Each structure stands twice: as C-alpha cells, then as structure tokens.
Amino acid sequence: MPRALWAPAVLALALVTLPIAGLLLRTDFARLPTLLTSDASLHALRLSLLTAALSTVLCVLLGVPLAVVLARSTFPFVRVVRAVVLLPLVLPPVVGGFALLYSLGRNGFLGYLLDVTAGITVPFTTAAVVIAQTFVAMPFLVVSVEGALRATGEDFERVAATLGARPATVFTRVTCPLLLPALASGVVLSFARALGEFGATITFAGSLQGVTRTLPLEVYAQADADVDSAVALSLLLIVIAVVVIVVARPRSVEGVRA
Amino acid sequence: MPRALWAPAVLALALVTLPIAGLLLRTDFARLPTLLTSDASLHALRLSLLTAALSTVLCVLLGVPLAVVLARSTFPFVRVVRAVVLLPLVLPPVVGGFALLYSLGRNGFLGYLLDVTAGITVPFTTAAVVIAQTFVAMPFLVVSVEGALRATGEDFERVAATLGARPATVFTRVTCPLLLPALASGVVLSFARALGEFGATITFAGSLQGVTRTLPLEVYAQADADVDSAVALSLLLIVIAVVVIVVARPRSVEGVRA
Amino acid sequence: MSGLRAELRLRRDGFALDVALDVPDGEVLAVLGPNGSGKSTLLDCLAGLLRPADASIYIAGRSVAGLPPPERRVGVLRQDPLLFPHLSVLDNVAFGPRSRGSDRATAREVARRWLTEIGVAEFADRRPSRLSGGQAQRVALARALATDPTLLLLDEPLAALDVDAAPAMRAALRTVLRQRRAGRVAVVVTHDPLDAISLADHVLVLAAGRVVEQGPTREVLASPRTGFTARIAGLNLVVGEATADGLRVDGHALTGVLAEDAVPGDPAVAVFPPRAVSVFLSDDEPHGSPRNTAPATIAALEPHGAVVRLRTRDDRPGWTSGIAADLTPAAVADLALDVGSQVLLSVKAATVDVHPALRRSPAP
Amino acid sequence: MSGLRAELRLRRDGFALDVALDVPDGEVLAVLGPNGSGKSTLLDCLAGLLRPADASIYIAGRSVAGLPPPERRVGVLRQDPLLFPHLSVLDNVAFGPRSRGSDRATAREVARRWLTEIGVAEFADRRPSRLSGGQAQRVALARALATDPTLLLLDEPLAALDVDAAPAMRAALRTVLRQRRAGRVAVVVTHDPLDAISLADHVLVLAAGRVVEQGPTREVLASPRTGFTARIAGLNLVVGEATADGLRVDGHALTGVLAEDAVPGDPAVAVFPPRAVSVFLSDDEPHGSPRNTAPATIAALEPHGAVVRLRTRDDRPGWTSGIAADLTPAAVADLALDVGSQVLLSVKAATVDVHPALRRSPAP
Amino acid sequence: SEERTLTVFAAASLTDVFTTLEQRFEDEHPDVDVRVHFAGSSRLAQQLAEGASADVFASADEDVMRDVAGEGLLTGEPTPFATNTLTIAVEPGNPLGIRGLADLAREDVTAVVCQPQVPCGSAARELAAAHDVEPRFASEEPDVTAVLGKVRAGEADAGLVYVTDVRDEAVDEVAIDGAEDAVNTYPIATLTEAPLAAEFQRFVLGAGSGVLRDAGFGAP
Ligand SMILES: Nc1ncnc2c1ncn2[C@@H]1O[C@H](COP(=O)(O)OP(=O)(O)OP(=O)(O)O)[C@@H](O)[C@H]1O
Ligand SMILES: Nc1ncnc2c1ncn2[C@@H]1O[C@H](COP(=O)(O)OP(=O)(O)OP(=O)(O)O)[C@@H](O)[C@H]1O
Ligand code: MOO
Ligand SMILES: [Mg+2]
Ligand SMILES: [Mg+2]
C-alpha cells in the first residue's frame, strides 16, 4: 500500500469524524435521558427502526433477484433495464415521492385501482413509508450486489453446475455465500439510505407521529424548535449504528478469503 | 440462474418503473421547454451538477485512499475506524447538517478558527453544499470500494510486487484497474447520493438561489407551488442519468472479465 | 445405444474445434494433444459449460446437447481446481452428493470416503485457501469422483502431484474407472502417456482443434501416425495375462515388474520403451541379466531423431511381434542390420512394467 | 559474500517450515519434495510474500529479510499463473521491466523477446482469460523471466506443458540460467528429476517442512538417502565432457543421445536409469546393439521394491564406477551375483541421455 | 456599474408576494440583484444564528423575530408589516361538503396541517383550542406550502393554510368563522447597515403594502 495514500485517507477520516465530534461537543448530556425518552422521540425511533428494517428486508428479497438477473442474463435489453433500475438514485427524493404519489396515490393509476377494488389507500400510512424507503434504497442494494456478482464471475457457479447442482442449489449454496460480503455492504447501505430517507417519505407518506413521522422527519421538525432533542436522537442512532457495525459486520464484510 | 428469481426481480423492476411511468404520465410535455428554461430551474440544475460532480471528485480522491487503508492495513483499530466512517450513513442527513454546522459553523470549533484566522465562513456558501454532499456521499464510495478490495484479495498485488513494482505502481497499475468496476459503482452511488442530498444541505448550506439551492431544494421549494416544473426538472435529470448510465457505465461496470 | 457419442463444432476467436468421438459403454477415453489444441474446450462442451450451436451429444443414448450441466449427470475436474472458498474441504467434496439429493450426513460420509481414498482425509476441516497446490488438486479430484456421474470428465487429474502421489492417484483412478458399472463412460485429458496406457481403452489425439488420431490405446500409442503422438508415446505395449513375474503372451513369458494392483491371471499390458530393447544377432545369444531374449525379424528401419527406430514383423507368437527398438546409428552399422534380418531382441525385466488391462479385449 | 544464503523458520497452523540453504553465486538450486512439504512456502519466504519473524536471508551479500518484495530484486513464477486479467499477454510480460524503470516501448520490446523465446508470441494481444492452461503457464514463465532478477524463483515452471513444449521450455530455461551473470541465483521447485538434473547445480529435498537432503545434484540424485528422493531420482549420472556421440569420462567413451543444446567439448552429464543397465558375467561379453559394455565390481546388492538394486564399486576409471543397476531377483539368482563379483555392465546408447552440464565442476 | 446584491430571508408563506416584490424592487433598481430565501421562519432564524448572511429578515411570527433580536443580529427595530389568518383549503368544488373546522374531524375526511413547531401550525392549534374542536389530521407537514401541496395533489381533502395561500384555482377555500382568534403578525427587520437593506424594508412597508393587501394579507 503506497504511503502517499495515508494523507488523503486521514483527511477523509477527519471529514467524517470532526463533524461527529462537533455534535458530541454540543450535546447536552444532562438533558439526554429526558430528551431520549420523550414520547415523540420514542415513537420516531421505533417507527424508523421498524420501517427501515422492513424496507431493507424488501430490498434484499426483491433486489438480490434483480441483481442476479441483471448480472447473469444475456438478454439484449438488460443494459436498458439496468439504467432504469438506477434511476431512483439520481431522482431527487422529493420527486421520487411525487412519482410514488402519481402511481400509488389516490389519483395515481395503481392507487385508484387499489382504492376502487380493495378500498386501500396507501399515502399517509406506515406502508407508504416502507414503500418510499424501499424505492430509494433498493438501487443501492442492486448496485452493490450486481457489481460483486460480476466481479466474482461465474467460475464457481459453473463448477457447482457440473457437480449436479440445479440453479436453485447453485444460487443458495454458492452464489449467495460468495456474495455475502457484498450483500452485507449492500444491506448496510440500503438500511442506511432507508433510515435517512426524508424527501420521498414526507411527500408520499406525510408526517404524523407514530404513523409516518420517522426519525429524520422528527429531527427536521424538532430542529426548528429544539435542536438539542434532535441531536440527542441522532446520538442514539450513532450508538446503535456503531454497535451494529462493529458487532455484526466484520465477519461477513471481511470476506470469505480473509 | 434459478427461474424462481424472475418473479421477485420483475416485482423489483415494477417498483422502480411504475412510479417513473406515473411521473411521465403526469408530465405536461407542452410546457416542458418553458419550465426547463426558467431561471430558477437552470440555476438549480447547474448548481446541482456542479456541486455533485465536485463532491464526487472529492469522494474519490479522499474515499479511495481511505478504502484501501481500511481494506489493506492490519492495524488493530481499523475495525473501529471502519465503524466511524460508516456513521454518516446512518445519521439522518439533517443531523449530519447540524454536525457540520457545529464544527464548521460560525460557532463551531473549526469554523471559529477559520473565521478568526482567515476570515472564512463556510456555512451557507456553495462550498458548504459540496462539503455536505461529500460528507453524506463518501461512505457509499468507501463501502463499495473496500468491499471490492477485500473480495479481489491481494494475490495480484503480491504478484506485481514480486515483479518489482513498488507500492505506488502496484496501486496505479494493478489495484486501481482491477477495482474499476467497483469504483464505477461507487462513483455512481456517491454521485447519486450527492445529487439527491437534501437534509444536510438545507441545514448546513441553506437554500439560496444560485448559491446553495440545489435541484432537490429547488424541487422541494417548487413542488408545492408548481409541481409541473419540479417534474420537468426531474425528467431532465432522468434523461441525463440514462445517458450517463447507458453510455458511460457498461464498459467499466461490466468488469474486466466479461 | 449407450456409451458416449458426440459430434462438436465450435468457433472461438481464431480457434475452431471440430471433433467426433465415440466411446463404448463402460470404457475410458484418453485425450492427448499439445497445449492449446482444444482438450479443455472439448471437455467443457461435453460438460455443458460451453454449448456450441452445432453439436450432438449422446450420453447413454440420451441426447444432452441442449441440456444444462446438472441434467447431464457429468462429473468434472477442470484444469484449475476451483475449490469453493467458502466451504471446508469436506463440504467441497460433499457438495456433489448433496446436490444429487443425498442428505447432509450421507453426503459427508461419501466425501470422507473419497478424501481417504485420495489420501487427503487429514485436510477435511481446512479451508481450501490453506492447501498446497498438490493438495488442492487432489481435493478437486475427490470432489469430481464423489458425484458418481454417468460421464466422468477429468482434465489433467494427476498434474501437480508428487512422485509418490501420482502413482497412488493413478491406481485409485484405475480402481474407480474399472469398478464403473455399465452405462458409465470417462474422458481423461492428460499429457502423460502412462495415464493413457494405464487408464484408457481408447485414445484421441487433438491438434489445433481437430482429431489427428483416434483408436484403441494400444494401437495408437504403439504405432503413432503423427510426430506428436510418437513423441509422447512410441512405447511398446504387449497385451497378455499377468503372471507372478510378468506377462504371458501366446504361451510365451515376458518377465517384468508388476504394478501394485496387477493380479496374476488377469488381463494385463506390458509397457517398455523402444530405447530399452537391445538387439543381438541371432547366432550370438547373450548370457546376462536380461531375462527376456527372443527371436524376431526386422520389418523396417527408419531414422527417428538421433536414433534409428527398428520395427519387427508381426509374424511370431510371443512378445517380439511388432516391437519397436531404438538403436544408435553406429549400432545399426556395426551389426549390419537390414530389413529381413533375423535378430534376437532382449529387454531387461526391470524395464518392463506390467499394468492391469482395463478389460479383456481392449480393441474395438 | 554473494549468492543466496537463508535460514527460515515459520509456523502456519499445524505446519512448520525450518530450512537453511546456501546457493553459491551464479548457481541454480532445485527444490524437490512431496505435496505439502513446504516448497511453495519456502519460495514465498524468499520472495518476501511471507515474512517469518525468524528469518535471515542474504541475496548477494545483502540482508533482505526485512525488505518488501520489490526491493529484493527477485523474479517469481508462482504455482498459479495469476496473469493480470486486465492486461494483454504482452503487457503482462512487460509489467516487470516497466516496474523496474524501463519506458513503455523498451518494456514491450523485452516482453516480445521473451514471448518469442517461450514460444507464445502469437498470443501477445490476447487477454489472459482466453488462453489455454499451458499457454497461460508459459506466459507466466515469460513474465517471471522478463524481470531479469538477481534471485529467480520458479514454482513448477514446466507443469501443465505438453511433451513438445516441456523440453523446449527446459532448454530455454537452461539457456537463461546458464547465461546468468555472476551475482545471480535461481531456485526452481519441481517434481521432475529431469528438471533438477538439467537445470540445477544443487538439490534440496524437503519433507514436512524440513530439509531431508541437500547437496550437489549429482550426489543427491545418484545416491539418494531417503525413499522419496530415491523414487523421484535414483538415476545414474556420469559427469564428463560431451563428444559427438556421447560422453568422454576419464578418457573412456560412453555412447549416448545428445540433447539438442549439448556441444561436443563442453562439460556434460550422462543420465540413464538403473533399470536400463544390464549385467553380464565377465567371461561372457555380449555382441549386440548395446554400445557400452565395460567391467565393474559389485559393491552392494539390496532389495528395492520388486527389484534388486546393485551398486558398483567406485574403483575404476570410466563410467562404470558407482553405478546402480536394477535387476529382477530371478536374474540375480541366475547369474549368482554377489558383493565382489566381477561383472560387465552394459547400457544401450539409446537409453543414455547426454545433457550439457551447468558448469565445469558441479560439486562444491 | 457593478451589480449590488441584496439577500432577503422571508417566511415560506410570503413566497408569492415577495417574489413579486423582488421583481418590482429590481425594476426600480436595475443595478440590484435581490435574492430571496424562503423557508419556515424558525428555520431561517436558526440559519441566521449559525452565520447565514442576510440583509433583511421578514418573519411570519413575532416570537421568532424576538429570538433573532436576542442573538443581537438585528440592526434595526422589527416593524410589523402584515397579518395573516387561517382558512381551509379544499379540492375544487368542495366535493366532501366541508363547512368548517369541525368537519376536519370527520371519518371520511383526510386533513393535513402544519407541524406545531412552525407558526402556521401553532396558529392552527391555537384556533382549534379556541373553538374547542379536535380535528383528525393525517399528516403534520413541515410548513404551509407542503400542506397546500397535499391538497393540490388531491391526496388530502382539506388542509389548514393561510388565507393568502388559496388564491389560485387549484384549490377552493372554506372560510373559518372566527379565524381572527388566531392572527399571525409578520415583522420585518434589517440585519446589516447597508443602505439598500433599509431601502428594501421601506419599500415593503410602503409600496409593498398594496401588493400584500392584494394577496390577502391584513394590515398590522
Ligand atoms: N475463452 C476463450 N476465448 C477464446 N479462445 C480461447 C478461450 N479459451 C481458450 N481459447 C483458445 O482455444 C484453444 C484451445 O484451448 P484449450 O483450453 O481447449 O486448450 P487445451 O488443449 O486444454 O490446452 P492446455 O493443454 O494448455 O490446457 C487455445 O488456442 C486457446 O488459446
Ligand atoms: N495459507 C495457509 N495457511 C496455513 N497452512 C497452509 C497455507 N498454505 C499452505 N499451507 C500448508 O502448508 C504446507 C506447505 O504448503 P506448500 O504450499 O508450501 O506445499 P508445497 O510443497 O508447495 O506443495 P505442492 O507440491 O502441493 O505445491 C501444507 O501442508 C499446506 O497444507
Ligand atoms: O410562513 Mo411559515 O413560517 O411556514 O408559518
Ligand atoms: Mg486445458
Ligand atoms: Mg506448491
């Protein structure tokens, strides 16, 4: 590893750590317990963890198959499909929210159908939050996993096939385990993206305590009135994140070959 | 590839394409030219492309070295550093904005120093936008690149070293080329994240036309008053994205082995 | 119809493969050829990893050209071991049986048996990344064998093995290939003529993607028609029945060194290089250590690199029929040898290897 | 002091490597040993890819144990070709010269020369993924050689090569290794005794991480002290001077087949297996094709697997001193051979290979 | 001559009028570029406290202006320049027949409101409390434009907004009896000593008042 890399690496680290240090410096630790246990905070935290977890699960269940199809099929239109899948990445989240409203909202073509046939309205529900988060987060998972699939190549999958493994077995016993590190990064990225989702959520799902007001919305709302409480909530999230990353991630992310 | 994957893959694709179809259905194509050439739209578009490009460059310059250090060094504290680097991922962007404000703002410890010694105030400038975007987008690059580095292993780097290549040569002529597909995904992801950045930007940089009001902020501001113009802007972004992805991405992302 | 029958045509950049082959039920085909002649490509086609548009492949009478690998019931050892990095050695070998429907315990049991057979049982719990080159090669061989396939495809199975391991593996492979029940076929790519002789009934020689020689092992190796085959083979092969101290041919004895798994009374092949055959004039019988001395008539004399290769007529009972002997030009001149000369051939018993034959009649 | 001197101790899971070696300036060491004995591990330590805490390594008098690979000026061919997938074959080979400071054009020129030398120039513009196994192996060899290192480390350089390519590569390697100027050393891992004989001055035999034999090639291979060495080698080696039709030893001739690159008048080694040596009673000289018949005295007789190995006394001028001959027990009984018997040894010229010797005096 | 820049921070509910005022002011001063930054008043105040530079601040709430004054950021006295009251925005034609605040509690009505942290939200609460009704809201939006947006998009049947927000045909208005029980007073103040800042403030208080009245704002 070239020495010269250390300087930018340290700078990069500083860019991340200094602001977080700033946050810690500003934290009113005395008020922390009160702030964290306020009704609004607890509701938002619970809702955020729940919806982000749900949408991450959805991202994995839907995104991994999509990534495999993109990486392994040879249809000519795959390239176009890949471009389409990445669109939510570049769409400003608020616009993503409108896109969702226009399809699943009361006046959207799907939403209208759902309303008329099943009496279901999606906007302003927790389901809307999950859908919005999945919409913005899934491309992150697809990109990570597809990249890894392409990098790993098909050699091991071919070997497995010659040993008699059918596609489903190859997928579960070879593709997935070898994909684990990338899948782990993908999960971390999409969970993070879902957890931080703001624009699409507020546009498509609104902001009601306990139903659709996730932590970023709560923080945004509180930020006007009571920054301390927003900061306190964030600290809690940081602690959860560090625990998740340090405890759960290393085994999988450090890879099979380590 | 197991057949069973097609169903969820198609569902995933629908989740992404239907909302975008909804957006297209609602677009007022007649007004499109007028909307796209409005002053506010052009300012926002120019500012967004500029800042997202700048922060992507920063992400690459700082993030790749950091990823290499994380993947290749054997210091015991690497695991903790990795956790810290991922924090901006889980921090709600608005809180990230506060963190930046608390360190680089007028009353932040660094901001104060900058103000006193150089007379520089960072917040509410275009620089602040770039910093905010870099802060939230860099972890995406680091995660993609580090994952790929671990997956590739060090075999080729070792071979290069035995052929007499010094670390810098190994890095530029072996590590980087082999990393290209992952780097390309990382760049796409972090550019996308930077382009969609809202919460940290509005908190740390505000929303002033031509200075800090990027496209997501403009879209948010316009959305309620003039949805059509927001949608028009988004369409423009989508077109840019499709062009970038279809034209520029395949060669690199489809990988060296393809 | 059973066995393996295939016709393949494939283009790949500048390279074109065009092969037709036919391996009867229960037999083994060895594929020889220079680097880049298409041996691995041929195996990939048979395995279904490459699917040329222009191909017909029948395994045990079933057309498989359109089928994906798992439905072909093949077992493959590729040139690169490619052990699954995320599985232990044991689970790598158990992968095949598991995929073919065995439960975990049974599959592991099978795997353990094969690891023991191949001599790498001690590494069962290791990750593949911690094996040496030869150890990995052996584990990959065990993994291919453990699938118990209808068509077994082995690409250089004994490469990277040490001098102790190679013969042991060869004997193990021979056991496996001989035990194979009807309806089974194996194709083995090798650079070593000994593998062809000791493992295969048939030989196919490839050059630049085309078949240049094909036929029963004994015939192809004993009378090679191309320079390449001659260089890798050009061995004398004598078919007969193993005895305690060598081989019996048409009632005549040929003393030699028995391979470990050769059983007296069973069909066997004696192998010795032309350079090991000494020639004496008929009236000058030597009295020395060479156990095997018998009369023959010279059929041909031709230069062969630095030496002269002499061939005997195929006109007598016993081992001296159709034998090649390499002599220096000086020796040929000194003994005044010519076509039709009556000579005594002598070959030291220590240079004669007696291998079990794969079946009673190795010819088609 | 120059050459290579190393003492290494390394533990890796259950495996322990403990090796001391010393290769004089300008010479070549062959490393032999069973699979998993630590050959590749030893090479990795010398290359700097593994850095055991307990190691001292001197290359040309310079301590390199603490240095990373590029500062050791080594050139390495590892067991797996590991060609850079993102570079063409040409650029793979040019990588070393480029890294050592050549400009792009010069590096490519050097690379092209080596590709031609190794016979794979036609693949210069291909991606490595489109090469056959043997082609990739050869490109990797060219890449290692192109670095022109002080210490050249080759791990099974001739594995995966076909019968035509292997001798050609061996000859090419021999040329390279002989041309090497003072201050250069090479270590070659191999499973083939012929590589050791034709390429190396010294041999080191590893077993389970320890050195079990070490010394001049001729001595180690001619009188192996371990079963393993005996099985891989146990060849007769006779040192002398090449002649037009073989070798001259102490003024006596040994007729044989000259290797392509052997030059009459230069030092050379004749190699033939013990099983090729026939034994006659002294009063019964044969008149046949064997060109080489000369007297000897039996020094020892010992069982050696299925055969009896006989050794001659080291008491006469000419090639029959200290020679091993393998006979079947029946032959020994028949000729009533015993220690002290006066015999005639006979060996067919066609079985005697004459290789150029690496230097005038291969013993220390 | 070089173009001078004037930065104005204005409450989100002033978006339309201040956009008009910006235009007019620039017409009168061709060498001036006015940049107006619209956001919720409290967010603007916070940005000012953290170092955002602006010349003029127009807030939708007197409490917020007091906070900014408390930070010592003002260079002049805050002056009230407009008032605003709440109303109900409904879909065009009012298909659900909403008649007042009480109807916002109906099961079949999806209503949205501002979050209580912003002036329009606190006014809404005040008004509901004064009228002793408990409307059911599907969402508490971060500012008033978001509320209006939800009604415009047809996702919400009704939204509590300022009377000044319902001037276009995309929504209809249902006036609230007794809306004046919760009145917002809008103060304006300068933040720099720049003459242009004072001039802009004078402009809003003078020529601007007509524009404000036309838009539905009350006189302070
Ligand atoms: N992926 C590929 N694309 C194009 N050509 C290829 C590809 N792989 C191999 N080839 C070429 O096809 C020919 C046959 O290759 P193949 O691997 O079958 O040879 P082989 O007989 O197995 O050789 P070896 O003994 O070296 O393993 C070679 O000339 C090789 O260069
Ligand atoms: N990464 C590793 N970690 C632990 N043990 C290892 C590792 N790699 C190899 N070994 C073990 O170390 C021993 C020596 O391995 P090495 O690769 O040096 O053998 P080798 O002599 O080169 O064998 P081969 O002829 O099969 O290539 C073997 O027993 C092997 O199982
Ligand atoms: O104009 Mo406000 O500050 O959204 O109530
Ligand atoms: Mg091959
Ligand atoms: Mg090895």
Side-chain angles (χ1 to χ4, degrees), chain C residues 12-13 33-37 39-41 79-80 130-135 138 155-156 159-166 191 228 231-232 245 255 257-258 273-281 284 286-291 305-307 325-328 330-332 335 344 346 348-351, chain D residues 12-13 33-37 39-41 79-80 130-135 138 155-156 159-166 191 228 231-232 245 255 257-258 274-281 284 286-291 305-307 325-328 330-332 334-335 344 346 348-351:
Chain C
R12 238 185 175 186
D13 296 357
N35 292 135
S37 56
K39 305 181 298 296
S40 302
T41 307
Q79 210 166 349
D80 182 335
R130 317 220 137 183
L131 296 178
S132 81
Q135 289 161 352
R138 287 199 247 176
D155 202 343
E156 306 195 19
L161 298 191
D162 66 47
V163 281
D164 286 341
H191 286 301
F228 177 80
R231 280 188 295 282
I232 73 157
D245 60 355
T255 314
V257 181
L258 258 70
R275 48 153 52 183
V277 181
S278 299
V279 177
F280 296 88
L281 295 178
D284 194 13
H287 297 282
S289 62
R291 296 286 81 199
V307 300
D326 285 351
L327 304 182
T328 50
V332 174
L335 297 175
L344 290 173
S346 166
K348 285 193 62 206
T351 64
Chain D
R12 238 184 174 185
D13 297 356
N35 291 135
S37 56
K39 305 181 295 297
S40 301
T41 307
Q79 209 165 351
D80 182 334
R130 314 219 140 182
L131 296 178
S132 81
Q135 289 161 353
R138 287 198 246 175
D155 202 343
E156 305 194 20
L161 298 192
D162 66 47
V163 280
D164 285 342
H191 286 301
F228 177 80
R231 280 187 296 280
I232 72 156
D245 59 355
T255 314
V257 182
L258 258 70
R275 47 155 52 182
V277 182
S278 300
V279 177
F280 297 88
L281 294 179
D284 193 16
H287 296 281
S289 64
R291 296 285 80 198
V307 299
D326 285 351
L327 304 182
T328 49
V332 174
D334 191 28
L335 299 175
L344 290 172
S346 166
K348 284 193 64 204
T351 64

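The sequence lines fix the lettering, A, B, ..., with proteins before strands; numbering per chain opens at 1. Predicted model, so just to flag it, every value in this text is computed and none were measured.
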Tell me, for C/S40 versus chain D, whether the close heavy atoms (under 4.5 Å) come from the side chain, the backbone, both or neither.
-> neither
Hits for side chain to side chain contact (heavy atoms under 4.5 Å, CB included) against C/T41, two or more places apart or cross-chain, chain-then-number order -> C/L10, C/R12, C/F15, C/L17, C/L50
Partners passing side chain to side chain donor-acceptor pair (under 3.5 Å) against C/D245 (at least two apart in sequence or in another chain) | C/T243
Greatest number of heavy atom pairs closer than 4.5 Å to chain C - which of D/T255, D/D155, D/L161 = D/L161
Do you know the tightest heavy-atom contact between C/D326 and D/A350?
-> O-CB, 3.3 Å
Grab the two heavy atoms, one from D/G36 and one from C/S132, that are nearest each other, plus how far apart they are.
-> N-OG, 3.3 Å
When you measure from the side chain of D/N35 to the backbone N and O of C/Q135, does any donor-acceptor pair fall under 3.5 Å?
-> no
With respect to chain D, which residue among C/A159, C/S37, C/P34 yields the maximal number of heavy-atom pairs within a distance under 4.5 Å?
-> C/P34
Region of C/L131 in contact with chain D, defined by heavy-atom distances below 4.5 Å = neither
Indicate yes or no for a side-chain donor-acceptor contact from D/K348 to the backbone of C/V277 under 3.5 Å, with no hydrogens or angles considered.
-> yes
